[in-house]
Structures are given as structure tokens and as C-alpha cells.
Amino acid sequence: GNSVTQMEGPVTLSEEAFLTINCTYTATGYPSLFWYVQYPGEGLQLLLKATKADDKGSNKGFEATYRKETTSFHLEKGSVQVSDSAVYFCALAGNNDMRFGAGTRLTVKP
Amino acid sequence: NAGVTQTPKFRILKIGQSMTLQCAQDMNHNYMYWYRQDPGMGLKLIYYSVGAGITDKGEVPNGYNVSRSTTEDFPLRLELAAPSQTSVYFCASRDSAYSGNTIYFGEGSWLTVV
């Protein structure tokens, strides 16, 4: 079945550092890939998505490219801010269901 | 625009009690989902529905039941609550089978079984 493997955290960075959170997937067919963000006490919010191979999703300075050859969808940001502190989830959507990675907690220190 | 609404937000149950978590969406989405999130863990799919009258099991369905009598509502029933069901529960919805459609989440229901 479909599954997502996400880099384990927690990750602690200083402000303006470069961020990479790794995500790989296993899937049949042609899934769509997502990154969701969860702030404390809240539900998950869509950060970005890509619906086919080689697509790049981007939002708020975050980027991720759908790499079919390496079955990956790594999240990157060139310069993180304290306000980016949250839990980030990689997710894969098939036609019926959606599977999530375990989540990576990011803490950005001033 | 309310989106996905879950009630209650917080609940404490005693072992063996039953309860229903309510979920409603006002976006006319066909697909609806229930997930649970254990502390420090990712989301596990409990049940999902692809339309009124149709439900199916996810990864962790044991101890739960669902129904989908209308497009808007997708309640999750816990029978004979156990401490292992202490978790945060999220309801979510999506417009259609197209995998690229965004899934929208409710704010979560915090359940403690003691």
C-alpha cells in the first residue's frame, strides 16, 4: 500500500539557517504529494503541494519538488524564521485516501 | 465560511463509556476522513467515506464505527472506550477522487480515556 517516510526530528535551527526535511514515499499509480504544517493546538494546514512528477510546489519561501525517480518530496527553505517553528507533515494522496508521515518538529531560535 | 467543524473540542471519558465525535463540513465535499494523532506521532487513518452511504476502513479502525447518512456529516463512534484511544482526533474532507485536491482539516478533538 501507499506509505510515507519522513525525516525524524526534532530539528533545531538558528534564524536565517537553511532548512531541509526529507520525505520519501512508496505508492502505486500517480499520487499527489503535500506538505502540511501544524502549529500548537491547531489542525493541519496545507503548506504546498505537487500533483505530478517534476512539479515544484512553493509557498511562504518553502519549496518541494516531486521527484519520481527518487520517490522523494523534500521540503526546503533558504532562510527560516522564528515564526516557522511548527510540526511539518509530508503526505501522499491516492484516489481515495491520504497517508501522512510521522511529522518533523522544527524549532527556530532567534 | 466554516469549513470542517468538529465537536466536542475536549472530552474526558471513563473506561467502557461510549461517545460520538461529530464532524460536519459545508463545502459539499464527497470525501471525508477521520484520523487520530497520538502524542509526538503522525496521523493514522481510522475510517473514510467517499460519499453518503459509503464508508471504508483505514489503518486503525478497531474500536470505532462511522456512518455517513448525509454529505455534510461524518460522525465517529467510540464504543467501550479504552485508554489506548486517548488521542487527538481530526476530521477532514476533500472535494473528489482527484488526488491533487487539497484536504481540509477540522481543529481537532482532544479525547482522554481514564
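Note on naming: letters A, B, ... go to the chains in the order of the sequence lines (proteins, then strands), and numbering restarts at 1 for each one.
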- line: Expected contact set for residues 100-110 of chain A against chain B at heavy-atom separation under 4.5 Å reads A:Phe100, A:Gly101, A:Ala102
message: Taking the side chain as everything from C-beta on, heavy atoms only, tell me whether B:Tyr48 gets closer than 4.5 Å to B:Thr55.
response: no
field: Gap between atom CG of B:Asn101 and atom CG of B:Asn30 - 0.5 Å precision
entry: 10.5 Å
- request: Measure the shortest side-chain to side-chain distance between B:Tyr104 and B:Met27 over non-hydrogen atoms and say whether it is less than 4.5 angstrom.
  value: yes
message: Any side-chain to backbone donor/acceptor pair from B:Gln17 onto B:Lys14? Under 3.5 Å, distance only.
response: yes
statement: Under 4.5 Å to a heavy atom of chain A? For B:Leu45 that would be side chain
Under 4.5 Å from a heavy atom of chain B, the part of A:Tyr36 involved: side chain
message: Checking B:Arg68 against B:Val66 for the side chain to side chain contact (heavy atoms under 4.5 Å, CB included) test, could you report, in this order, the C-alpha distance in whole Å, the side-chain angles of both residues, the deciding distance, and whether it holds?
response: CA-CA 7 Å; B:Arg68 185 93 183 272; B:Val66 293; over 6 Å; no
task: Decide yes or no for B:Cys23 and B:Trp34: does some side-chain heavy atom of the first lie under 4.5 Å from some side-chain heavy atom of the second?
output: yes
Euclidean distance, B:Phe105 CZ relative to B:Thr102 OG1, rounded to 0.5 Å: 10.5 Å
- request: Begin from the C-alpha positions of B:Phe90 and B:Tyr33 and carry the test ring pair (Phe, Tyr, Trp, His ring centres under 6.0 Å) through to its verdict.
  value: CA-CA 8 Å; B:Phe90 288 99; B:Tyr33 308 85; over 10 Å; no
- prompt: Between B:Asp56, B:Val4, B:Ile103, B:Val50, which residue shows the highest count of heavy-atom pairs closer than 4.5 Å to chain A?
  reply: B:Ile103
message: Which residues in residues 70-90 of chain A have any heavy atom closer than 4.5 Å to a heavy atom of chain B?
response: A:Phe89
query: Can you tell if the side chain of B:Ser49 reaches within under 4.5 Å of the side chain of B:Tyr47, non-hydrogen atoms only?
result: no
message: Please determine whether side chain to side chain donor-acceptor pair (under 3.5 Å) holds for the pair B:Thr20 and B:Arg77, giving the CA-CA distance in whole Å, both sets of side-chain angles, and the decisive distance to 0.1 Å.
response: CA-CA 4 Å; B:Thr20 299; B:Arg77 177 84 176 162; 3.1 Å; yes
- line: Against chain B, residues from residues 13-26 of chain A with at least one heavy atom under 4.5 Å, in numeric order, are none
- request: Kindly indicate whether the side chain of B:Ile15, heavy atoms from C-beta on, has any atom under 4.5 Å from the side chain of B:Pro83.
  value: yes
field: pair B:Lys9-B:Ser109: side-chain heavy atoms closer than 4.5 Å
entry: no
message: Under 4.5 Å from any heavy atom of chain B, what part of A:Gln38 do you find: side chain, backbone, both or neither?
response: side chain
query: What residues of residues 45-68 of chain A sit under 4.5 Å from chain B when you count only heavy atoms?
result: A:Leu46, A:Lys49, A:Thr51
Chain A contact via B:Gln6 - which portion, at a heavy-atom distance below 4.5 Å: neither
- prompt: side chain to side chain contact (heavy atoms under 4.5 Å, CB included) between B:Arg36 and B:Tyr64: does it pass, once the steps are laid out?
  reply: CA-CA 11 Å; B:Arg36 60 177 285 174; B:Tyr64 307 94; 2.8 Å; yes
- prompt: Any idea which heavy atoms bring B:Tyr35 and A:Met98 closest together, and the distance?
  reply: OH-O, 2.8 Å
message: Within the structure provided, determine whether B:Ser18 and B:Glu79 are in side-chain contact (heavy-atom separation under 4.5 Å).
response: yes
- prompt: Does some side-chain heavy atom of B:Gln37 sit less than 4.5 Å from a side-chain heavy atom of B:Lys44?
  reply: no
message: For B:Arg11, run the side chain to side chain contact (heavy atoms under 4.5 Å, CB included) check against B:Leu111, B:Val113, B:Thr112 and tell me which one passes.
response: B:Leu111
query: Are A:Leu92 and A:Val37 joined in one hydrophobic group, where the rule is that I, L, V, M, F, W and Y side chains link up if heavy atoms are under 4.5 Å apart?
result: yes
task: May I ask whether B:Val88 and B:Phe10 are part of the same hydrophobic cluster, defined by side-chain heavy atoms of I, L, V, M, F, W, Y residues being less than 4.5 angstrom apart, directly or through others?
output: yes
